[in-house]
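Please read the structure below before turning to the comments.
Everything numeric here is computed off the predicted structure, so don't read it as measured data.
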Amino acid sequence: MTYRKRLTLLVLLDSLIVSFAIFAATWIVYPNIDNYNTTILIITALALLTFHHLFAFIYKLYNKVWAYASVGELFAIVKAITLSIISAAIVQFLINDFTIYRRALIVTWLLHIILIGGSRFAWRVVRDRYIVSNKGKMRTLIVGAGSAGTMIARQLKNNHDDAELLPVAFVDDDISKQRMEMYGVPVLGRIKDIPIIVENHNIEHVVIAIPSLKNGELNKIVTKCNETSAKVKMIPKIEDLMTGKVSVSHLKNVEVEDLLGRDPVELDINSISQDVTAKTVLVTGAGGSIGSELCRQLMRFTPERIVLVGHGEFSIYSIDMELKQTYGQANIEIIPVIGDVQDRDRIFEIIDTYQPTVIYHAAAHKHVPLMEYNPKEAIKNNVIGTKNVAEAADTFGVGAFVLISSDKAVNPTNVMGATKRVAEMVIQNLAKVSKTKFVAVRFGNVLGSRGSVIPLFKKQIERGGPVTVTHPEMTRYFMTIPEASRLVIQASTLAHGGEIFVLDMGEPVKIVDLAKNLIRLSGYTEEEIPINFSGIRPGEKMYEELLNENEVHPDEVYEKIYVGRTVDIDFDMVKGLIKHLETYQTEELKETLMRIVYMEKTLKAVKES
């Protein structure tokens, strides 16, 4: 029905109700016709009609979608009717020798609310029961009968035409909510009862609607859901609901990242703002997983300009377009720059041109097995590239230089880890003489990065398996890219120069458990998608470390951030490696690289003795 037709229908219906309600009320209150004046009643009816339409337009009663009416709409009706009755009473008082038919007007008020309000809500009842069909909708169980869960239930109930889900029941561990109903949806049990409720009520879909879940609690719920054949969705956690609103459109599949989620870190906004806001920030490797997320996080602090440096033109184009689309109105200058960190002249040119206040150096080769076969390229990019950017920062007086390092730099058994440790040595050496604050931030694997195992596992599951895991006991530390990026930015504000900051990665996770969770979340069982063990690849460790126990101060310098103790290094060996790089054969190069990394332990042992 068009707006004009609906408006005409509602105006005529209200006019009919208002015009005759005063007569019906008078007859009810004063059965003896001699007790009232017909002329007064007619004038009162006309006054009621005029004032009702006036207040109806003021409170937009004719603009409401009554199929979705709730308490707010009912309150608007009550206000409009009450004000129209009061206004008509004033008119009656003035024309009737200062007399008001009080009881008649009170009954009129009740009749208006019953008939006008009832006519609106009756349409909703008729539509819900007889017009709207629930056929084809998935019967849904909502986990959590709190504000988020009830909001989801209400939206699913109201959005008849668009919603694919039909709320059937809630589960909630709050005892006071058991056997209660919200929006006609009953609470049928607790979280432990999910499998029974799904079976007894033919549930096809489960929605987890508890944004404030603590670490580990989501695992318990998903484990119960995995005992059923129902599909599982969830609303984002509180840290992702930046608007503070919960909507059906926010529903998403449960990801492994959610199961490994940690409590969000509260950042020191003031200290970060001092370093970033209204300043020039440069990010190398800006098109990569870590670099691009660093850019997103930095944009929240409104730098004057951000320089996106990268070797791959498509990745730089992508992050450039994304930032301009998202922050186009923020008056931040976004500058995409194509440049290779191995090209010393180009890097010096870039930093001289844009004079950044802080540099986040995320450009690196990170793939462990691949670098075992290409050690020379790993050194060129991870060591020489870092040296080029760091020395340019020193030359042009950049305020701070932050190296994105890796847990694989601890007791490295592979080329990638060793080159990251040598890169740390490069900036530690510069930190001794430079006014630039050089620091490294070391953390483990990030979920969702290009080198993460999760994209590989997903592809293997899509192909029908098997999922390949190197060893049943292999563990890794994991962190989400946004959290890692936020902590990197925070760590940079804590720097005095020469530190290696270590991020608290939580508890290590077995890779095989990660694979099992991903298989279940994809809707399969381990019988359908088997797991094969392929053996440890070249350069891989069984367990990762973040710092040796003697290399880290025991207390946090900030929430989830520790600082490592500085150790002596023989930088002449690093210079020799770089100078004679092209003369080394592959195996000789690996041996030299490892000798440099472990020489610092020899120096330390000699010093201690």
Would you call [X]-[Y] a salt bridge at under 4.0 Å N-O?
X	Y	result
Glu499	Lys437	no
Arg346	Glu349	yes
Lys279	Asp275	no

Of all heavy-atom pairs between [X] and [Y], which one has the smallest distance, and what is that distance?
X	Y	answer
Val488	Ile404	CG1-CD1, 3.5 Å
Ala392	Ile351	CB-CD1, 3.5 Å
Ile347	Asp340	CG1-O, 3.6 Å
Asn382	Ala423	O-CB, 3.3 Å
Ser405	Lys420	CA-CE, 3.8 Å
Phe457	Thr468	CE2-O, 3.3 Å

So among [options], which one has a side-chain contact (heavy atoms from CB on, under 4.5 Å) with [X]?
X	options	value
Pro412	Val422, Val597, Thr419	Val597
Ile489	Val441, Ile272, Val358	Ile272
Tyr360	Thr284, Leu298, Ile290, Leu282	Leu298

Original post:
At what distance, to the nearest 0.5 angstrom, does NE2 of His580 lie from CG of Leu589?
Top reply: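 If I round to the nearest 0.5 Å, the distance is 13.0 Å.
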Original post:
How many angstroms lie between OG in Ser292 and CD in Glu322, if you round to the nearest 0.5 Å?
Top reply: 7.0 Å
Original post:
Does one side chain, of Thr280 or Gln355, offer a donor that lies under 3.5 Å from an acceptor on the other?
Top reply: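 No, no side-chain donor-acceptor contact under 3.5 Å.
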**OP:** Establish, from distance only, whether the side-chain atoms of Gln297 and Arg300 form a donor-acceptor pair under 3.5 Å.
**Re:**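 Yes, Arg300 and Gln297 have a side-chain donor paired with an acceptor closer than 3.5 Å.
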Original post:
Asn532: what forms a side-chain contact (heavy atoms from CB on, under 4.5 Å) with it, not counting sequence neighbours?
Top reply: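 Residues passing side-chain contact (heavy atoms from CB on, under 4.5 Å) with Asn532: Pro466.
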**OP:** Can you sort out the partners of Ala390 under side-chain contact (heavy atoms from CB on, under 4.5 Å), two or more places apart, ordered by chain and number?
**Re:** Phe401, Ile427, Leu430, Phe438
Does the side chain of [Y] come within less than 4.5 Å of [X]'s, by heavy atoms?
X	Y	result
Val281	Phe301	no
Val439	Leu494	no
Ile519	Ile531	yes
Lys380	Leu581	yes
Tyr584	Lys590	no
Met425	Asn429	no
Ile511	His471	no

Is the number of heavy atoms from other residues, nucleotides or ligands within 6.0 Å of [atom1] ([X]) greater than 12?
X	atom1	result
Tyr317	OH	no
Asn331	CG	no
Lys231	NZ	no

**OP:** Would you please test Gln274 and Thr493 for side chain to side chain donor-acceptor pair (under 3.5 Å) and show each step?
**Re:** CA-CA 9 Å; Gln274 288 176 7; Thr493 68; over 6 Å; no
Original post:
Backbone N or O of Ile338 within a donor-acceptor pair of the Glu313 side chain at under 3.5 Å?
Top reply: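 The answer is no, because no donor-acceptor pair under 3.5 Å joins these two groups.
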Subject >> Partner of Asn381 by side chain to side chain donor-acceptor pair (under 3.5 Å), out of Lys376, Gln342, Lys366 >> reply: Gln342
